[in-house]
Amino acid sequence: MNPGFCLRALALLGVMVLLAACQQTAAPVAFHATDTPDNLADWDVVSIRDGYLTLNQGVVPYGVNSKLFADYSFKLRTLWMPEGKSAKYTATGPLDFPVGTIISKTFYYRLAADGSQDRNHVALSYDDAGEFAPGKGLKLDAVHLIETRLLLHREHGWDLVTYVWNQAQTAATRSIVGDFRDLTLVDAAGNSQPLTYVVPTQTDCAICHNHVESANGNESAHRQVPIGPTAAHLNRDWNYADGRDNQLTHWSKLGYLTGVPALPAVPHDADWQDPSQPLATRARSYLDANCSYCHNAHGEANYTELWLTAEETDVRHLGHCKTPVAAGRATGGRLFDVVPGAPDGSILLHRMESHEVGVMMPELGRTVSDQKGVQLIRDWIASLDGDCTITHGQQAAP
């Protein structure tokens, strides 16, 4: 037999084997319409491959303008929709996603640069330092994976499922009752502190994603909704494998989104960490990202009438000289939610600074305070004009 023919045949066979292997490791995303698998891998949204947490075909990464604080963890957010399906643009609230949509959020930490070689030593940082490589994924030797949450749009509505990563960082399994991970937070100066990261229960997740609508008089209808993917949060650029682009524009090009107006007409939340933005704009964006999912007219805390969405214009709903509703000892003896010019007399800041269960806000998703976030809100309240002197001559500040 001709030796050249044999070599070409072997080369062709090798290519076929490689193609088969690629096809085997890149199975299409599997949307489970009714059952919920115990393993994250069964969804084929993300997978471990070549040292990266990679995204499957059609799974699009995205970011938000102002990020939710969760004990200094970072989040890799992704979106997937069935072929031929698109979300519809909405100016306020979450985009209108079709049945079959999967939204994922993987919580992770940067590894600390303290030379400890302990993967439970993680960085106290506000900068993710580019661990996500466009076209490749999340670089595993630089991060500690904690959990991946899925939001699934099924026929009856949205379902929430949480998967916890093992210590070996090879697989994630479903958790209904939550979990915890003992870590050590290390800042840039090498200072360290213990941290127990708490994975929320399925019930906890439902509280934050709860949307309440009045129905039949005093009755209320409850349903779960996405929180982050709103036009104002998504209206920003992202580094894709084929270049940098506005996210809403990119989704439209992919066929994932319809009805987007010209970008100047799209609402935009500021990046609260951007010092070039006005203080009030940054503070309102921070509150929108970290508080308004409960504190809005249809959220879990709607009864408080403290509504902290970026679009809210009523200063009373924003807490200015507003007395609290059923806060009890959580007020710390303070009289008003926000006292213009007096951060230390404001219940809002007091609860943000607290670590005490029953006092701290948000009450879920954190065990330590956001150092920079607290300072931002302190500066904002100090900058406000007003006077909350009440009828009996008492001042709001304790």
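Just the heavy atoms: all of them, side chains too, but no hydrogens, waters or symmetry mates, feed the values below. Computed from a prediction, not measured in an experiment: that's the story for all the values here.
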Handout entry: Trace of the side chain to side chain contact (heavy atoms under 4.5 Å, CB included) decision for Leu185 with Tyr72
Key = CA-CA 9 Å; Leu185 272 179; Tyr72 297 101; 3.8 Å; yes
Exercise for the section: Using the side chain to side chain donor-acceptor pair (under 3.5 Å) rule, take Thr196 and Asp182 through it: C-alpha gap first, then chi angles, then the decisive distance, then the call. Expected result: CA-CA 5 Å; Thr196 298; Asp182 287 326; 2.9 Å; yes
Handout entry: Stepwise side chain to side chain donor-acceptor pair (under 3.5 Å) check, His350 with Thr331
Key = CA-CA 8 Å; His350 169 64; Thr331 67; over 6 Å; no
Handout entry: Residues Asn166, Thr170; criterion side chain to side chain donor-acceptor pair (under 3.5 Å); working and verdict
Key = CA-CA 7 Å; Asn166 60 16; Thr170 57; 2.9 Å; yes
Practice task
Given side chain to side chain donor-acceptor pair (under 3.5 Å), test Ser116 with Asp114 step by step and report yes or no.
Solution key: CA-CA 5 Å; Ser116 68; Asp114 62 353; 3.0 Å; yes
Exercise for the section: For the pair Trp158 and Ile103, evaluate side chain to side chain contact (heavy atoms under 4.5 Å, CB included) and give the outcome as yes or no after the intermediate values. Expected result: CA-CA 10 Å; Trp158 289 92; Ile103 299 172; 3.9 Å; yes
Problem - Stepwise salt bridge (charged side-chain N to carboxylate O under 4.0 Å, His left out) test for Arg378 and Asp344 - result: CA-CA 8 Å; Arg378 172 176 288 278; Asp344 290 323; 2.9 Å; yes
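Note on Arg284 versus Glu311: no salt bridge recorded, every NZ/NE/NH1/NH2 to OD/OE distance being 4.0 Å or above. In summary, Arg366 and Asp71 do not engage in a salt bridge, as defined by a charged side-chain N under 4.0 Å from a carboxylate O. Asp245 has a carboxylate O that lies under 4.0 Å from a charged side-chain N of Lys253, or vice versa, which qualifies the two as a salt bridge.
In this structure, Leu53 and Thr106 approach most closely via the heavy-atom pair CD2-CG2, 4.1 Å. Counting all heavy atoms, side chain and backbone alike, Gly373 lies closest to Trp272 at N-CH2, 3.8 Å.
Using a 4.5 Å heavy-atom threshold, the side chains of Gln169 and Leu140 count as separate. Between Leu318 and Leu308 the shortest side-chain heavy-atom distance falls below 4.5 Å. Between Val260 and Thr258 there is no side-chain heavy-atom pair separated by less than 4.5 Å. The side-chain heavy atoms of Asp271 and Lys67, taken from C-beta on, include no pair separated by under 4.5 Å. The shortest distance between side-chain heavy atoms of Thr36 and Arg154 falls below 4.5 Å. Considering only heavy atoms from C-beta on, Thr323 comes within 4.5 Å of Phe336 through its side chain. Annotation: side chain of Ser369 is in contact with side chain of His355 (closest heavy-atom distance under 4.5 Å). Within the 4.5 Å cutoff, the side chain of Arg181 has heavy atoms near those of the His144 side chain.
Counted by atom type alone, Trp43 and Tyr163 present one or more donor-acceptor pairs between their side chains at under 3.5 Å. In summary, the side chains of Ser66 and Ser285 do present a donor paired with an acceptor at a separation below 3.5 Å, with no hydrogens or angles considered. In this model, no donor atom of one side chain and acceptor atom of the other lie less than 3.5 Å apart for Ser292 and Asn296. Side-chain contact of Asp274 with Ser276: a donor-acceptor pair under 3.5 Å is present, judged by distance alone. Of the N and O atoms on the side chains of Thr162 and Arg149, not one donor lies less than 3.5 Å from an acceptor on the other residue. For the residue pair Trp80 / Thr101, no side-chain donor-acceptor distance below 3.5 Å is found, with atom types taken as modelled. No side-chain donor-acceptor contact under 3.5 Å links Arg236 and His268. Counted by atom type alone, Asn235 and Asn246 present one or more donor-acceptor pairs between their side chains at under 3.5 Å.
At least one donor-acceptor pair under 3.5 Å links the side chain of His153 to the backbone N or O of Phe97. Between the side chain of Arg316 and the main chain of Cys321, a donor-acceptor pair closer than 3.5 Å is present. Remark: side-chain polar atoms of Asp288 are paired, donor with acceptor, to backbone N or O of Ala310 under 3.5 angstrom. Between the side chain of Asp187 and the backbone N or O of Gly190 there is at least one donor-acceptor pair closer than 3.5 Å. Remark: the backbone N or O of Val99 is not paired with any side-chain donor or acceptor of Glu155 at under 3.5 angstrom. Checking side-chain atoms of Ser346 against main-chain N and O of Val339 turns up a donor-acceptor pair under 3.5 Å. Of the possible polar contacts, one joining the Asn65 side chain to the His233 backbone as a donor-acceptor pair under 3.5 Å is found. Checking side-chain atoms of Arg351 against main-chain N and O of Val359 turns up a donor-acceptor pair under 3.5 Å. The backbone N or O of Gly178 sits less than 3.5 Å from a side-chain atom of Ser175, completing a donor-acceptor pair. In this structure a side-chain-to-backbone donor-acceptor pair under 3.5 Å is present from Ser252 to Leu248.
Rounded to the nearest 0.5 Å, atoms CG (Asp96) and OG1 (Thr90) are 7.0 Å apart. Taking NE2 of His320 as the reference point, atom CG of Asp385 lies at 10.5 Å (rounded to 0.5 Å). Between atom CD1 of residue Ile48 and atom OG1 of residue Thr54 there is a gap of 7.5 Å, rounded to the nearest 0.5 Å. How far CD of Gln375 is from CG of Asp370: 11.0 Å, rounded to the nearest 0.5 Å. Note that OG of Ser47 and CG of Leu55 are 8.5 Å apart. Values are rounded to the nearest 0.5 Å.
Relative orientation of the Tyr197 and Tyr109 rings is perpendicular, given thresholds of 30° and 60° on the angle between their planes.
By the 6.0 Å and 45° rule, Lys372 stacks over the aromatic ring of Tyr126.
Aromatic ring centres of Trp251 and Tyr62: separated by under 6.0 Å. Ring-centre distance between Trp238 and His250: not below the 6.0 Å cut-off.
Neither Leu306 nor Met360 shares a network with the other; the hydrophobic side chains, linked directly or stepwise wherever heavy atoms of I, L, V, M, F, W or Y lie under 4.5 Å apart, form separate groups for each. No continuous path of ILVMFWY side-chain contacts below 4.5 Å connects Val225 to Leu79, so the two sit in separate hydrophobic clusters. Under the 4.5 Å side-chain heavy-atom criterion for grouping Ile, Leu, Val, Met, Phe, Trp and Tyr, Met81 is connected to Leu234 within one hydrophobic cluster. Tyr293 and Leu160 fall into different hydrophobic clusters, where Ile, Leu, Val, Met, Phe, Trp and Tyr residues are linked whenever their side-chain heavy atoms come under 4.5 Å apart, directly or through other members. One hydrophobic cluster, built from ILVMFWY side chains closer than 4.5 Å, cannot hold both Ile377 and Val315; they sit in different ones.
Sparse packing is recorded around NZ of Lys136, with 12 or fewer heavy atoms of other residues, nucleotides or ligands lying under 6.0 Å away. In Asp50, the CG atom is not crowded: 12 or fewer heavy atoms of neighbouring residues, nucleotides or ligands sit closer than 6.0 Å. With a 6.0 Å radius and a threshold of 12 heavy atoms from other residues, nucleotides or ligands, Tyr240 has its OH atom above the threshold. Environment of CG in Asp242: crowded, with over 12 heavy atoms of neighbouring residues, nucleotides or ligands closer than 6.0 Å.
Checked options Asp337, Val338, Asp314; the residue passing with Lys322 is Asp337 (criterion: side-chain contact (heavy atoms from CB on, under 4.5 Å)).
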